[in-house]
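Values in this document were obtained by computation on a predicted structure and should not be read as measured data. Order of the sequence lines fixes the chain letters, A, B, ..., with proteins taken first and strands second; residue numbering starts at 1 for each chain.
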Amino acid sequence: MMNSKTSALGIIFPNSYDALIPELVNVRLMASIPFASRYRLIDFILSSMANCGIDNISIMVNNNYHSLMDHLDSGREWDLVRKNGGLNIFPPYAEKESRRFTGRVAGLASILSFLQDQKEKYVVLSDTNIVVNFDFNAMIQAHIETGADVTVAYNTQEIPESLIKAPGTDLSLYYTFDIEDGRITRLYVNSKKEGIQNCSMNIYLLERELLIDLVNTAFVHGKEYFERDILLPHINKLNVQAYKYDKYIARICDVKSYYDENMKLLDDYNLDSLFSGNPIYTKIRDDNPTRYIQDSKVRNVMVADGCIIEGEVENSVIFRGVKIAKGAKVKNCILMQDTVVEPGAEIEYLITDKNVKISAGKDMRGTDTHPVYISKYQEV
Amino acid sequence: MAKEMIAMLLAGGQGSRLYALTEKLAKPAVPFGGKYRIIDFPLSNCVNSGIDTVGILTQYQPLVLNEYIGNGQPWDLDRLYGGVHVLPPYQKASGSDWYKGTANAIYQNISFIERYDPKYVIILSGDQICKQDYSDFLKFHKEKDAEFSVAVMEVPWEEAPRFGLMVADENDKITEFQEKPKNPKSNLASMGIYIFNWDILKQYLEEDEADPNSANDFGNNIIPNLLRDRRRMYAYHFNGYWKDVGTIASLWEANMEVLDPEHSGINLFDEDWKIYSRNSGMTGHKINAGAVVENSMITDGCRIKGTVKHSILFAGVKVEDDAVIEDAVIMGGSVIKHGAVVKHCIVAENVTIGEHAVVGAMPSGEESGVATIGAGITIGAGAVIGPDAMINKNVEGGEDQ
């Protein structure tokens, strides 16, 4: 049995795919988007790592990261306050020519000396737009058994339309691959193929020394992307193994998928699939329990603590501290922290960001294909 | 570096009148109000009042309490100097003793208190539900230039004989103390919360310890001795919500009052005076399409498919379809199976109520008891548990109790 406590360190890229969901990352980044009534997206991958004994985790923040710093604080909620390792937040290192990271290579290159000083044998890399309760130890085990140089986690699904239609296809955005006997033989960047594909989850595992070598070489040649510029050219030289993940997964790649993936958790089967494994930790707010007052009517809802519900709520995901006043009707909505719905207001297919106020008597509706998003602190 | 005031929290009580609820649990660790334990209230009061050093005196069934307190982080009491410390009785060169009484518990920890060289010590009780600003109490103590102050509540005269009463003059100076008197001269009930000047407290603790006939109790020994010596003693009037939750009925009632903060005065939705607790870490609660939820408090991890009326559900409670819960307190992790009826009762942690079982009943005529199911108990399918029952053993299916 390997000693999982020292075998891998984690590196998380919290800004990946920000561009796909401009509304929600206007004042934050992908990692700190609220999800499932009381979490932020990063909680899932961070808790997964912590639960697998990965307790040396670096967050490569790039921009808009104040909300994430506030959320992570010292890392205590994930038990990541450690003398050795723990949580490290690496902002872009301001040099003479300050520029933000594009692909992963520049970010990784900026922490090469840190990586050289670490003791863990392996490194796991991950984004935050994929919601999973992931078992990294199983992946490490598979990596060892297959003798892989690099292991890539994937699931099988159709390529989300929002990725295919995303602007700027000159960028290296998403990856699919052909697999033979578990080994990735071809890697496709921004494929437009229809039907079920092997879709990369952008969770990578490789030895730390190998990562340092690959990044070093790529960086001096001005390369930007780990996948397009490192994995793809080496696909025949390196043993790149595919690790199939067939448990619950939610992929956030636009506002619609954000809405749908929240709503899917109203199904008990999905909720249990995501949460029945190890616990997912998040920042504690010390809210009181939610209070349902006389005349409230609720059906098919997920509600966090700290809410006061006096009105009617149906098919909705309600975050912490939301107030729904008497006579208000909320249907098919996602109401983020501290949203207030005043008396008599009726809303449907709305996503309200933090501290939004829906005034008394207002009637606002989106549609199931186009939920309406209302930004932070707006009063409507 | 001296601390102005530190707190000593008496948490050793067995709480024998809570029967099945305190069989394996110290009373201060009893769950309350949906996501709290009783001890969260004095601890949160301390930190909200600027007290950062708290000694918790434990003796009876301390395991759950010790684990719950941990390093004190949920209450912001993990400090470099001070913070929260659990203080069980310990062996000394001169021998070892259980805590013989409330005063003896503090006496045995004189060396703990002296580490902080405090000017004042506040003695708190771990079995009350109360939101109180101790800094206001200290201000009063200083203004009166008191050596001892006690927080008092006005109680209805007809109930006064149940309490320890302080008789005070128009300047709040205490002139007499009556312990549960037949003929009360006052309706100012002691809340069991005291501020002492540390030098005075130490002197009286040492004197009390030297007296072989003393019961080593604050109410019965220390306070009468202070009066005997005409110390400067004052009564601090508190008029917020205060409840001693020492009995099943009062614990149930206090929980029900949480559901009605507009009238009862116990408001847990107070941004300026948060009550902190250790978090369950579960997902948001889920209310299914066929469920009915009225006038209730529900917290993380609950899954509701049945009917919940005027009740408090703690973290992770599952209510299956066609189950009915009314006027009930259901503690963490309990499961109410299909078709069960649970009314006017307290169900402790991790209980399973079987299908179509009936627990408790709404008050009718003479019967108004609060049925109580102890932690970890299984009530078999179709069993019937009467309104006054106190269950601490599993009940087979179909059985009546």
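By number of non-hydrogen pairs under 4.5 angstrom with chain B, the leading residue of A:Asn315, A:Asp305, A:Leu266 is A:Asp305. Most heavy-atom pairs under 4.5 Å with chain A, from the set B:Val258, B:Asn288, B:Leu268, B:Ile312: that is B:Asn288. Between chain B and the residues A:Leu265, A:Thr282, A:Asp287, A:Leu274, the largest count of heavy-atom pairs under 4.5 Å involves A:Asp287. Chosen from B:Gly281, B:Ser296, B:Gly33, B:Gly34, the residue pairing most often with chain A at heavy-atom distances under 4.5 Å is B:Ser296. Taking B:Val293, B:Asp270, B:Ile287, B:Val308 one by one and counting their heavy-atom pairs under 4.5 Å with chain A, the maximum is reached by B:Ile287.
The number of heavy-atom neighbours closer than 6.0 Å to NZ of B:Lys305, taken from other residues, nucleotides and ligands shown, is 12 or below.
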- Message: Walk me through whether B:Asn295 and B:Asp260 qualify under side chain to side chain donor-acceptor pair (under 3.5 Å).
- Response: CA-CA 9 Å; B:Asn295 216 355; B:Asp260 185 22; over 6 Å; no
- Query: Is there a side-chain contact (heavy atoms from CB on, under 4.5 Å) between B:Tyr36 and B:Ile129 once you walk through the steps?
  - Reply: CA-CA 11 Å; B:Tyr36 309 97; B:Ile129 301 299; over 6 Å; no
- Item | Full working for ring-ring contact (aromatic ring centres under 6.0 Å, His included) between A:Trp78 and A:His71 | CA-CA 11 Å; A:Trp78 299 266; A:His71 179 69; 5.3 Å; yes
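Of the atoms belonging to A:Tyr39, it is side-chain heavy atoms, and not backbone ones, that fall under 4.5 Å from chain B. Looking at A:Arg76, only its side chain comes within 4.5 Å of chain B, counting heavy atoms on both sides. Heavy atoms closer than 4.5 Å to chain B are found in both the backbone and the side chain of A:Arg291. For A:Asp268, the parts lying near chain B are the backbone and the side chain together; criterion is any non-hydrogen pair under 4.5 Å. In this structure, chain A has heavy atoms under 4.5 Å from both the backbone and the side chain of B:Lys35. Interface residue A:Ile280: only backbone heavy atoms are found under 4.5 Å from chain B. Contact annotation for B:Leu259: only backbone heavy atoms (N, CA, C, O) come within less than 4.5 Å of a heavy atom of chain A. When heavy atoms are compared at a cutoff of 4.5 Å, B:Phe314 does not approach chain A at all. Only the side chain of B:Asp78 comes within contact range of chain A, with at least one heavy atom under 4.5 Å from a heavy atom of that chain. Residue A:Tyr281 does not touch chain B at all, counting heavy-atom pairs closer than 4.5 Å.
Ring planes of B:His285 and A:Tyr292: perpendicular class, angle over 60° (limits at 30 and 60°).
Here the options are A:Ile293, A:Ile318, A:Ile358, the test is side-chain contact (heavy atoms from CB on, under 4.5 Å), and the partner is A:Ile324; only A:Ile318 passes.
With rounding to the nearest 0.5 Å, the separation of CD1 in B:Ile353 from CD1 in B:Ile325 is 8.5 Å.
With 3.5 Å as the limit, one finds a donor-acceptor pair spanning the side chains of A:Asn88 and A:Asn56.
Checked against the 6.0 Å centroid threshold, B:Tyr241 and B:Phe41 do not count as a close aromatic pair. B:Tyr134 and B:Trp273 have their aromatic ring centers separated by at least 6.0 angstrom.
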